[in-house]
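Below is one structure; the comments refer to it alone.
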Amino acid sequence: MGTRDRCSCHGCSHLSLLPTPTPHVAMSHCSSARGAPSPSSPSSSSPAVAKGLFLLWAVPARSTQPPTLQQIHALVRHMAEDARELFLFYEQDQRLAFSWLCRTNASLEWLRGTVVMGTGGLRALHGAMAHMDRALQGITQHQRDLNPPGAPILRRLDSTRLKVRGLLSNLEGVLHAHGIVPTVPTLPRLPAATRVFQQKVEGCRILWSYARFTEQLSAQLEERGLRARREEQRQQRRGRRRSRRPARS
Amino acid sequence: MMNHFMILAVLLPLRTCHTAYSQQGSLIFPVTYFNISKDLALQRLLVEWDVDKSAHDAELAMSFEIQVHRADEATVWTDFHNVTLDKSGKPLHWIWDSDLPLECMSHSVRIRSKAEASKIWSRWSPWETVLGLDASDSYGPKIFPEEKVIEEGFGITLCCIGRKGQIIKEFFLDSDVHYFNKTNRQVGLLTVKNVTVRGASRHVSVYCKEPCSEEPCYAHALFFVGRPPDTPSNFSCQTRNMTTVTCTWSQGRDTYLYGRHSSKHTLFEEFSQNLVPCTVTCSEQSSQCSCSWDIGQQRIYNITLTVVNALGRKTATEAFDVTHRIYPLPPFQLWEECTDTEIKLHWNHQNKGIELFCQTEVLQSNGKAELYNGTAQLHHTSITLGGLQPYTKYTARVRCGAAKNFWRWSEWSKTQTIRTKEAAPSGKVDIWREITPVLRGRNVTLFWKQEPGFRANGRSISYEITWEKVEDRSKPECISLSSAYNSTRIFIDNHPYRITIMAKNNVNYSLPSILIIPGATGIEKMLNGSELKEEKVNGTEDGILISWEPRLMYDSYVIDWCNFLMSQHCDLQWERFGPNTSSALIKSAAFVPGVRYNFRVYGSAANRASLLEKKTGYLKEQPPEFCTEVKNIELSNHAVTLFWDPCPTNKTDRGFLRGYHIYVSPVQEDCNLKGSKKHVHSDGSVLCKYTIENPEERRYTVKHLTSNTKYKLAVVAYTGGGEFPELNFTYIDTPFDSDVMYLLVLLVIVPSLIVAICVWKMKWVKECCCPVIPSPNKSKVLSFKEFKIGSEKVLKISDCTPDTLAVDNKVEAQKLHLQSLMSSTPTEDKTDIHNSSWDYHNENEKRNFTSTPTPQTHTWFENLAYSSHLAVESDPYQLPETLETSKAEVSAVLYQPQYYLSILNDDAPSSPREAAGRKTNLRYISQTEMHCSGRRH
């Protein structure tokens with residue numbers, strides 16, 4: 001939290017979501033001292049507790065009521081932050097901090113495009129998250145070949161995957177409430193990387209795309225929320241004026 | 001003829017042999033078939049060749065020289081392959097393991113041969129080449145090997161093949177591992193030796209790059225650094241239920257290879273020649289692995305466990321009979337039946353069909369554990385635990401093992417806590433008393449306590465006390481007191497009484513304890529024991545040792561005392577001892593140092609107690625409080641007698657008073673008095689110490705003091721614990737001693753008076769001892785006509801009639817003159833010549849003296865009575881040895897008339913020194929005064 005504000009080096013403050021111009025080797029372009037999450041510095045317990053409580057609220061278990069859009073917005077905001085932290089951690093942990101390796105401009109097909117609101121938008125988001133869930137599963141599997149059980153990267157991937165599944169669950173709840181059964185569109189299957197290095201890079205690129213996607217999504221939702229609040233306030237004002245007129249007359 | 005034939009027969013084989021040998025020596029069998037191929041998986045070159053069939057037929061022993069050549073290097077490998085050919089005619093093979101991936105560059109091989117017997121090598125075969133990928137077109141650079149697992153501590157060589165026409169600009173690792181690389185050519189090389197990677201994730205990424213920066217200009221690869229598996233340890237198999245067998249083992253160190261690279265474990269059964277159908281699970285924390293499978297009908301197994309990873313393979317074996325490897329499941333559902341001293345414990349178990357041998361552990365409340373072994377019974381799952389205490393809590397648990405072919409115990413069952421039933425109190429209550437005579441009877445305070453080994457054996461306990469007259473048992477009286485009480489007071493009349501006490505619980509009474517109080521007639525004597533002398537006893541670190549004289553008539557002895565003598569409730573304590581005891585160490589937590597305790601020793605016969613002895617003592621004596629002050633002092637010149645008052649009892653009750661110490665010391669100095677001991681006081685001063693070992697003493701005289709001196713004195717009482725640490729000094733001044741005055745008068749005043757008288761009568765004394773020396777000018781000798789030279793009178797020869805006249809030659813005169821000079825030199829001066837820094841090794845060298853001898857006029861008066869020189873002018877040129885000798889001759893040259901005559905010869909001095917010598921040595925000796933010395937010439 002707040003990491004973005006403290007980070008000033010290129011590729012770190014907006015880093016996340018802007019491709020770095022220099023393709024040159026820059027292994028330590030964002031040190032942990034500047035605020036990037038260090039692979040060896042887990043967050044303190046009190047923010048962790050706050051996050052836990054927040055997730056309990058954002059992803060209610062066994063609720064009869066579908067989650068509100070507010071809950072989804074909040075969860076997306078949180079996921080954007082988590083995705084950025086995961087990407088930076090992964091990049092550093094896997095020693096892939098070559099900007100030309102992970103931070104490509106080409107987004108993944110299922111994480112591409114602007115999310116439109118409404119049930120169509122929610123369905124598209126559901127599909128993207130379903131793919132992301134599977135992708136995270138694959139990345140975790142690859143990382144199991146490289147790391148001992150319980151390694152930090154594995155724990156972080158699991159955590160992110162749980163959030164993705166939480167959002168999927170929320171989206172399914174909302175879509176069910178609208179009488180829509182969500183389906184996951186099948187995508188043309190690309191040849192899977194066989195070499196470990198390729199797998200690492202592929203995972204890194206997925207996490208990069210995911211971080212960009214969630215940040216854009218969060219920003220869109222934020223903007224729409226603001227717009228909606230403004231509209232609501234305007235209507236409230238109009239309502240007040242109308243209610244005053246008859247009183248004067 | 002025959003002989004010729006014989007010769008030919010011998011010569012022909014010889015020739016044949018020689019020819020064959022000659023041919024072999026020049027035989028060449030060049031390679032007829034030659035082929036090479038590569039095994040990329042194993043990174044090795046396979047070389048195959050053959051030679052002419054005749055060589056095979058001749059089964060020749062041959063040598064082959066094989067050379068391997070890399071594209072960019074000279075010959076990289078030469079090997080000699082020796083083989084004996086056989087008639088099968090199979091081609092020959094040779095394998096070469098490459099340390100560089102074969103993809104990296106082309107490898108060429110050639111070969112030549114030589115028969116062992118021959119000295120000539122065949123020609124080299126043409127180079128056979130397997131192409132590397134450097135010769136092929138590619139989309140971008142490529143690294144070989146792309147992925148590899150290498151063992152920690154070993155090395156690896158990688159190459160990066162650039163596209164045709166491109167060079168490799170960069171070739172590096174993402175780790176801090178040390179490496180060497182070769183770049184700026186189409187095939188870059190990177191070598192890492194002795195790879196060691198830190199951290200949990202032990203993989204290293206490799207990057208290479210051509211000079212361009214587009215994506216196809218990069219290549220990357222990765223290698224893992226790990227360890228081969230350790231040999232599995234503690235490999236063991238067992239069954240818990242005769243249905244499933246579980247094998248467990250320890251996999252050893254971390255291999256740092258995870259996921260699909262991690263070690264794979266397989267179990268192979270040798271008898272059935274099948275893989276064991278089980279899934280291996282390993283614990284991350286303990287590195288313990290296990291694998292379970294259903295055994296079916298097979299009872300005997302020989303299992304081989306294989307652990308393999310990319311770096312190696314290790315095995316362990318275990319052969320066993322399942323019936324010998326029964327590890328039963330723990331018993332469960334324990335329940336019990338119990339009496340006051342027995343528990344029958346029952347349980348269930350899941351090991352149906354297995355004969356078990358079970359063990360029960362019984363844990364007492366004091367923490368002591370006892371094991372009970374059960375007999376081997378197939379269906380009877382219970383055990384009887386006997387010899388237990390009534391109303392006592394026990395904790396029991398059970399474990400079992402196979403009765404036949406015991407392998408190991410099961411885990412313990414859950415514990416069962418059981419309390420045995422109540423029983424009558426066991427043991428007795430010890431009773432004692434304190435008797436106080438009152439009007440028409442006595443108050444008897446009864447005390448009781450549980451004897452060692454007494455057990456209440458029940459939930460609650462009470463004490464029942466009964467007393468009755470000894471003679472008349474018709475009317476016993478009785479009271480019952482709860483367990484909270486341990487004393488009570490009863491009133492009895494003056495008759496003898498029998499008192500009985502019993503403990504009682506819900507079940508029954510304990511055995512009674514009896515005490516007989518004698519009649520009042522003899523009780524006074526028994527109680528007071530005033531005629532008994534109180535004896536002092538000593539304390540030890542552990543307690544106070546009491547000893548008494550044993551008497552045959554008693555069946556026990558009792559010692560009682562008060563823990564808190566001074567308080568109202570003295571807390572009477574007692575201890576009972578057997579008839580053969582005559583001493584006891586009395587211990588009590590209430591005993592404190594510096595407190596006096598009084599003990600009474602009773603003999604008890606038939607429950608009647610009689611006072612035998614009285615003792616008093618301390619656990620540890622303490623020094624008394626300050627209690628001794630000097631009351632009076634009697635002072636003499638050399639002694640002082642001190643008087644003091646006895647210490648009050650309350651000040652010395654911290655120990656037995658043993659006596660007094662007297663401390664004496666002069667105020668200004670340390671003490672050293674005869675008959676005393678030295679004592680260093682806390683302030684560092686040394687005091688004289690006298691010890692008085694009689695506590696009744698009230699005075700003491702300190703002797704050998706010095707008169708007219710200020711002394712400090714102190715008296716302190718001491719006990720077995722020492723003395724009061726601070727001294728309260730009394731100061732005294734010893735009087736002046738008049739004897740000293742008399743001595744002073746004798747030694748000072750009398751001599752002074754004599755001296756004064758001498759001074760007063762000085763003239764008389766002088767005249768008597770030292771007559772006045774007359775003036776030479778008044779001498780008759782000088783009463784001649786005045787002829788003066790300067791201020792001196794000169795006697796003309798014509799005016800005097802000398803007694804003797806002698807004229808010496810000049811040399812002698814000079815010699816005499818020198819001798820006379822030396823005779824007048826003081827001894828000190830002579831010594832100075834030797835000792836001073838004026839060290840004249842050569843008298844011609846140093847003549848610069850501070851004093852220059854100047855001719856002076858002296859008149860010498862030699863009064864032989866004094867024999868002293870009034871004036872001396874020493875000649876610094878005089879040698880010391882000369883001085884010595886001349887001194888001895890002084891007396892001989894005194895008053896020699898010829899010696900004085902030389903002064904008359906003024907007109908011919910040989911030298912200024914001589915002249916000066918002569919002038920300065922005019923000596924006149926009054927002939928008229930010679931009588932004073934008693935000498936005449």
Side-chain angles (χ1 to χ4, degrees), chain A residues 19-29 38-42 89-106 137-157 191-205, chain B residues 140 142-149 158 160 169-177 197-209 211-227 253-263 281-287 309-310:
Chain A
T20 18
T22 29
H24 206 67
V25 177
M27 297 287 273
S28 59
H29 70 277
S38 160
S40 57
S41 61
F89 185 89
Y90 186 97
E91 196 182 39
Q92 205 167 336
D93 183 63
Q94 300 295 304
R95 300 187 288 266
L96 291 171
F98 301 81
S99 50
W100 43 269
L101 278 177
C102 301
R103 302 177 187 207
T104 56
N105 287 327
Q137 189 184 4
I139 295 169
T140 308
Q141 192 59 46
H142 295 150
Q143 286 302 314
R144 286 207 181 105
D145 292 343
L146 300 175
N147 293 284
I153 185 65
L154 296 175
R155 279 190 274 122
R156 279 182 177 250
L157 285 164
T194 52
R195 297 290 175 191
V196 176
F197 190 87
Q198 281 176 308
Q199 289 167 350
K200 276 170 62 163
V201 172
E202 227 167 65
C204 191
R205 286 175 180 169
Chain B
K142 279 190 174 169
I143 296 174
F144 292 99
E146 282 184 279
E147 267 175 40
K148 193 175 181 183
V149 180
L158 300 112
C160 179
K169 191 74 184 164
E170 291 176 37
F171 196 10
F172 60 95
L173 305 178
D174 70 347
S175 165
D176 55 358
V177 174
V197 182
R198 308 265 171 244
S201 181
R202 309 262 175 133
H203 64 274
V204 178
S205 299
V206 191
Y207 301 86
C208 80
K209 183 175 169 285
C212 49
S213 58
E214 296 79 40
E215 193 168 345
C217 303
Y218 301 94
H220 16 73
L222 185 140
F223 63 88
F224 297 89
V225 181
R227 289 175 180 158
R253 296 180 304 168
D254 191 356
T255 60
Y256 305 121
L257 300 174
Y258 311 109
R260 61 189 166 97
H261 301 286
S262 61
S263 300
T281 53
C282 292
S283 155
E284 290 165 21
Q285 284 80 30
S286 62
S287 78
N309 70 11

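Predicted, not measured: the structure shown is a model, and the values here were computed from it. First the proteins, then the strands, lettered A, B, ... as listed; each starts at 1. Below, each value reflects all heavy atoms present in this structure, side chains not excepted, and no hydrogens, waters or symmetry copies.
Interatomic distance, B:Ile143 CD1 to A:Arg195 CZ, rounded to the nearest 0.5 Å: 11.5 Å. In this structure, B:Asp174 CG and A:Phe197 CZ are separated by 7.5 Å, a value rounded to the nearest 0.5 Å. Rounded to the nearest 0.5 Å, atoms CZ (B:Arg260) and CZ (A:Arg144) are 14.0 Å apart. With rounding to the nearest 0.5 angstrom, the OH atom of B:Tyr207 is 5.5 Å from the CG atom of A:Leu101.
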Check against side chain to side chain donor-acceptor pair (under 3.5 Å), A:Lys200 and B:His203 | CA-CA 12 Å; A:Lys200 276 170 62 163; B:His203 64 274; 3.1 Å; yes

Would B:Glu146 and A:Thr194 satisfy side-chain contact (heavy atoms from CB on, under 4.5 Å), going step by step from the backbone distance to the final call?
-> CA-CA 11 Å; B:Glu146 282 184 279; A:Thr194 52; over 6 Å; no

